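A quick write-up on the structure given underneath.
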Amino acid sequence: MELQLFTFDLALVWLDLAGVFFFAVSGSLLAAKKQFDIIGSLLLASLVGLGGGVIRDIVINAGPPAAFISPVYLLPPLLAAILVYFLFSSIQRFTSLLTLFDAGGLALFCITGTLKALAAGMNPVAAILLGVTTAVGGGLLRDITANEIPTLFNARDLYALPAFTGAALTALLWNTGAFNGLTAALVAGWVFAFRVVAWRRGWRVPLAVRGWHRAGVSSGAESRVRD
């Protein structure tokens, strides 16, 4: 039983670190596009990579957030800032990279946030909400800090909905005893694909009030061209 717990905890750490890295790269890419210096890139990468996890750990009262007690969590933002520093001139023509890395972080964090909430004894509904909060929290902080319209509140984009479906699937699999490495990979793949396809095809949800129309968008030009 102890071995299974160790394996579960270790898997969560690796998923967490992978999510931190994906989000951190998106932060450094945005910093590069905004022409921040290397320190600004590192700070923005750290903010987006660690922000969601810090919110999660505070909500579930897990003690000091993992980002503050385990130095290994500082490595993904550092690696992301270094990679973007040396490679940005080669990859800046691929404008979709920021969204792709953001989608990767979203897919992983909605899973780890939900799992940690469930492991802490939260009910499935609360765990799903915390999973979504973990997934979107870092991106929200990133966009606000970089003076961008937060993707979470962008009426022309889907952001929280893919995370919500991933968190709901994770909670369902956990409570039915079907959650394992394979199903986790399938959920992550689903969230990633959902986010990217919605972004490329311009899928949207209805506005807050019936009858409202998105400014500057005509009915014949709903889809956007993606790089």
Side-chain angles (χ1 to χ4, degrees), residues 12 15-27 29-30 47-53 55-56 59 94-118 122 124-144 148-176 178-179 181-208 214 217 222-227:
L12 273 182
L15 285 174
D16 236 8
L17 291 174
V20 170
F21 175 74
F22 280 113
F23 267 139
V25 172
S26 76
L29 286 172
L30 181 57
L47 184 64
V48 62
L50 303 176
I55 296 171
R56 173 200 64 211
V59 170
F94 300 109
T95 57
S96 61
L97 277 180
L98 195 155
T99 299
L100 292 177
F101 276 98
D102 184 75
L106 192 79
L108 293 173
F109 268 18
C110 72
I111 295 174
T112 60
T114 305
L115 289 177
K116 284 202 170 185
L118 290 168
M122 297 183 73
V125 174
I128 291 170
L129 293 176
L130 186 56
V132 175
T133 301
T134 305
V136 305
L140 179 63
L141 294 174
R142 175 199 61 209
D143 294 339
I144 292 175
E148 291 279 299
I149 297 175
T151 308
L152 177 62
F153 301 127
N154 189 348
R156 302 170 184 268
D157 207 349
L158 288 183
Y159 197 63
L161 187 58
F164 179 83
T165 61
L169 287 172
T170 299
L172 177 63
L173 292 169
W174 170 278
N175 283 281
T176 58
F179 187 86
L182 176 59
T183 55
L186 291 174
V187 171
W190 158 256
V191 176
F192 180 84
F194 187 4
R195 168 75 178 108
V196 173
V197 172
W199 176 76
R200 292 187 63 87
R201 294 184 176 274
W203 292 349
R204 300 162 186 149
V205 296
L207 294 178
R214 291 173 176 84
V217 179
E222 286 293 317
S223 62
R224 290 173 290 171
V225 177
R226 304 293 187 178
D227 291 332

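Note that the coordinates shown come from a computational prediction; the quantities given were computed from them, not determined experimentally.
- For the pairing with D157, the salt bridge (Lys or Arg N to Asp or Glu O under 4.0 Å) check across R204, R195, R200 returns one residue only, R195.
- Taking CG from L152 and CG from L158, the interatomic distance works out to 11.5 Å, rounded to the nearest 0.5 Å.
- Looking only at side-chain heavy atoms (C-beta outward), T133 and I55 come within less than 4.5 Å of each other.
- Residues L98 and L30 have side chains in contact (heavy-atom distance under 4.5 Å, counting atoms from C-beta outward).
- Scanning all heavy atoms of the two residues, the minimum distance from G19 to L108 falls at N-CD1, 3.4 Å.
- In this structure, V191 and C110 have side chains that are in contact, with non-hydrogen atoms separated by less than 4.5 Å.
- Between L161 and F194, some side-chain heavy-atom pair lies under the 4.5 Å cut-off.
- Within 6.0 Å of the CG atom in L186, the count of heavy atoms belonging to other residues, nucleotides or ligands exceeds 12.
- Once rounded to the nearest 0.5 Å, the distance linking OG1 of T114 with CE of M122 reads 10.0 Å.
- Minimum interatomic distance between I128 and A171 (heavy atoms only, all atoms of both residues): CG1-CB, 3.8 Å.
- Under the side-chain contact (heavy atoms from CB on, under 4.5 Å) criterion, V48 pairs with F23, S26, R142, sequence neighbours left out.
- F22 pairs with exactly one of F109, F192, F101 by the ring pair (Phe, Tyr, Trp, His ring centres under 6.0 Å) rule, that one being F101.
- Separating the CD1 atom in I144 from the CG atom in L47 is a distance of 9.5 Å, to the nearest 0.5 Å.
- The closest donor-acceptor contact from the side chain of R56 to the backbone of L130 lies at 3.5 Å or more, if one exists at all.
- Among all heavy-atom pairs drawn from N175 and P124, the shortest one is ND2-CG, 3.7 Å.
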task: Go through the steps for Y159 and N154 under the test side-chain contact (heavy atoms from CB on, under 4.5 Å), then give the verdict.
output: CA-CA 8 Å; Y159 197 63; N154 189 348; over 6 Å; no

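- Note that CG of D102 and CG of L29 are 10.5 Å apart. Values are rounded to the nearest 0.5 Å.
- The main-chain N or O of T151 is found under 3.5 Å from a side-chain atom of D143 such that the two form a donor-acceptor pair.
- Residues meeting the side-chain hydrogen bond (donor to acceptor under 3.5 Å, both in side chains) test with T170, sequence neighbours left out: none.
- Between T183 and A178, the shortest heavy-atom distance links the atoms OG1-O, 3.1 Å.
- Between A167 and V132, the shortest heavy-atom distance links the atoms CB-CG2, 4.2 Å.
- Side-chain atoms of D16 do not come within 3.5 Å of backbone N or O of L12 as any donor-acceptor pair.
- Across every non-hydrogen atom of G113 and T134, the tightest pair is CA-OG1, 3.7 Å.
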